[in-house]
Visitor: 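This is the structure, below, for whatever I ask next.
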Protein chains: 2
Amino acid sequence: MSKALERREKLRSDLILAAERMIAERGLSGLKTRDLAREIGCANGAVYNLVEDIDELILRVGSRTLLRLDEALSTAEGAGEPSPRETLVRIAIAYCDFAADNLQLWRALFEHRMEADKVVPDWSVADQLQLFRHINKPLTALLPKRSPEQLGITARSLFSAVHGMVALGLEQKLVAVPLPALRKEIADLVRATIDGLIARER
Amino acid sequence: MSKALERREKLRSDLILAAERMIAERGLSGLKTRDLAREIGCANGAVYNLVEDIDELILRVGSRTLLRLDEALSTAEGAGEPSPRETLVRIAIAYCDFAADNLQLWRALFEHRMEADKVVPDWSVADQLQLFRHINKPLTALLPKRSPEQLGITARSLFSAVHGMVALGLEQKLVAVPLPALRKEIADLVRATIDGLIARER
DNA sequence: AATTTCTATTGAACAATGTTCAAGATTGCT
DNA sequence: AGCAATCTTGAACATTGTTCAATAGAAATT
């Protein structure tokens, strides 16, 4: 590989890391091209040699965040004895903890919205779909009568419900909920929901 | 009241309505001060005589949206015979329908985030808290043993869960879920969750 | 009615920011 | 070394929210 391309790749990698740090520290709206350029040591216009536009940069950072989230959920999945119900609870709690520990980066995943005419690239969509497999496995064990299609839908619903609790719970805008209380609420609601789903199955 | 103040109030009202229309048509990011000024027939700088800044304008529009949402939930609450469980389902579906029918305005409620140093004014917070009373009443009937504090927490959790399903369901980013399917998912999950909560109560 | 004083409105100017592009610097090849 | 291709630069542009000195208009006073 040529010297120029090596440098380019190095800069590109630096750029993504700098953007990640910047979002983590100052939020998605704190991401500025000039600051990025200064931080990685190049002209502000050079950012557009490394990346199509800011949207792509945000998606690249999001990809890294999703990867770390995936690891966190995998860890939660594996730990302890394998009651599928409690596994789901652990996954939900792990999601909550990850969001709390990576608040700004996690928010950036959902705050960012493409302009209407642009499409989210395939590699980014693929990243997102990966997550559901964590929920699918235990859910299949709990609801064996359901078809894969039904299970996919239920998995998405359950994820969305937990996501909503985490999103509004960490908002701190209305009433400040202490994190331990939020974790307990989530665990309770996941258990109740699963129990209800199973009871309905019979 | 003086002629000048009358005109001012009229303009102020026009401004809020124009902003509402603009957000509904082009999203929160499509709200531009110059376009607003042109639409209500005044200089761009005059917007700042009518409103502190754009944040306040967005919150004013949000206040109107919350009011209409409140009405929609009230309607859902009142209809039909009063099984508390089905009332909660109807409220959740009504929330979903309102969000779908007022997509951009509803999104604006949650997309908008204040800068760290500014505080949300009291009148805006009050608007938001009103909503929970719709959920509290039926939930109290279903879970009579719980304390008001516990009920408040559970109400918030249930609302958050439904909100998450609506938010991700209307995102259309991953998999496009048709609206009738989403409504069914929400109804199922609310019923399951309530059943689970009641079973746990015994 | 005329003049003065106070207030409201204006729109030009500013600062911040994403993005582009012609000119200059660097690299890779023979 | 010389030349062509490529990359990098940073000045310039377009868009925005916001401010403010100047102006127009309303209210008060004589």
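Numbers restart at 1 for each chain; the letters A, B, ... are given by sequence-line order, proteins then strands.
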Visitor: From D:dT18, C:dT9, C:dT19, pick the nucleotide closest to the side chain of B:Arg8?
Guide: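 Shortest atom-to-atom distance from the side chain points to C:dT9.
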
Visitor: Should A:Arg68 and A:Asp101 count as an ion pair when the cut-off is N to O under 4.0 Å?
Guide: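 No.
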
Visitor: Rounded off to whole Å, could you give me the CD1-to-C1' distance for the A:Ile58 and C:dT17 pair?
Guide: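 A:Ile58 atom CD1 is separated from C:dT17 atom C1' by 13 Å.
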
Visitor: Of the nucleotides D:dG10, C:dT10, C:dT19, which one has an atom closest to the side chain of B:Cys42?
Guide: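 Nearest to the side-chain atoms of B:Cys42, counting from C-beta on, is C:dT10.
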
Visitor: Mind checking the CD1-SG spacing from A:Ile186 to A:Cys96? Nearest 0.5 Å is all I need.
Guide: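 Rounded to the nearest 0.5 Å, the CD1-SG separation comes to 4.0 Å.
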
Visitor: Taking only Lys NZ, Arg NE, NH1 and NH2, and the carboxylate oxygens of Asp or Glu, determine whether B:Glu171 and A:Arg156 approach each other closer than 4.0 Å.
Guide: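 Salt bridge between B:Glu171 and A:Arg156, a charged N being under 4.0 Å from a carboxylate O: no.
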
Visitor: Please determine whether a side-chain nitrogen of the Lys or Arg among B:Arg64 and B:Glu20 lies less than 4.0 Å from a carboxylate oxygen of the Asp or Glu.
Guide: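 The answer is yes: the pair qualifies as a salt bridge.
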
Visitor: How many Å lie between CG on A:Asn44 and C1' on D:dC7, as a whole number?
Guide: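 Going from A:Asn44 (CG) to D:dC7 (C1'), I get 16 Å.
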
Visitor: To the nearest 0.5 Å, tell me how far B:Ile198 CD1 sits from B:Thr193 OG1.
Guide: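 Spacing of CD1 (B:Ile198) from OG1 (B:Thr193) equals 11.0 Å.
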
Visitor: Using whole Å, what does the distance between atom P of nucleotide D:dG17 and atom CE of B:Met22 come to?
Guide: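 Distance check: B:Met22 CE to D:dG17 P gives 10 Å.
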
Visitor: It should be established whether A:Arg7 places a side-chain nitrogen or oxygen under 4.0 Å from OP1 or OP2 of nucleotide C:dT27.
Guide: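 False: A:Arg7 side-chain N/O out of range (4.0 Å or more) of C:dT27 OP1/OP2.
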
Visitor: Using whole Å, report how far CG of B:Asp55 lies from C1' of D:dT18.
Guide: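 So the two atoms are 13 Å apart, to the nearest Å.
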
Visitor: Rounding to a whole Å, what distance do you find between A:Arg38:CZ and D:dT8:C1'?
Guide: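 Spelled out: CZ on A:Arg38 to C1' on D:dT8 is 18 Å.
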
Visitor: Round to the nearest Å and state the distance from A:Ile54 atom CD1 to C:dT20 atom P.
Guide: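 In whole Å, C:dT20 P and A:Ile54 CD1 are 11 Å from each other.
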
Visitor: Extract from the structure each pairing of a protein N or O with an N or O of nucleotides 14-16 of chain D at less than 3.5 Å, listing the distance.
Guide:
from   : atom 1 : to      : atom 2 : distance (Å)
D:dT16 : OP1    : B:Lys32 : NZ     : 3.1

Visitor: Considering only D:dT9, C:dT19, D:dG17, which nucleotide approaches the side chain of A:Asp53 most closely?
Guide: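 Looking only at heavy atoms from C-beta outward on A:Asp53, the closest nucleotide is C:dT19.
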
Visitor: From the options C:dG11, C:dG18, D:dT9, select the nucleotide whose nearest atom is closest to the side chain of B:Ala43.
Guide: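 Selected nucleotide (nearest to the side chain): C:dG11.
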
Visitor: Between B:Leu36 (CG) and C:dT10 (C1'), how many Å, whole number?
Guide: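 Result: 17 Å.
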
Visitor: Quickly work out the A:Leu50 CG to D:dT8 P distance and round it to whole Å.
Guide: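 A:Leu50 atom CG is separated from D:dT8 atom P by 7 Å.
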
Visitor: Output the distance between atom CZ (B:Arg7) and atom CG (B:Asp14), rounded to the nearest 0.5 Å.
Guide: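 Between atom CZ of B:Arg7 and atom CG of B:Asp14 there are 10.0 Å.
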
Visitor: Tell me whether A:Arg60 forms a cation-pi arrangement with A:Trp123, defined as NZ or CZ under 6.0 Å from the six-membered ring centre and within 45 degrees of its axis.
Guide: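 Positive - A:Arg60 is close enough to the ring of A:Trp123 and near enough to its axis.
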
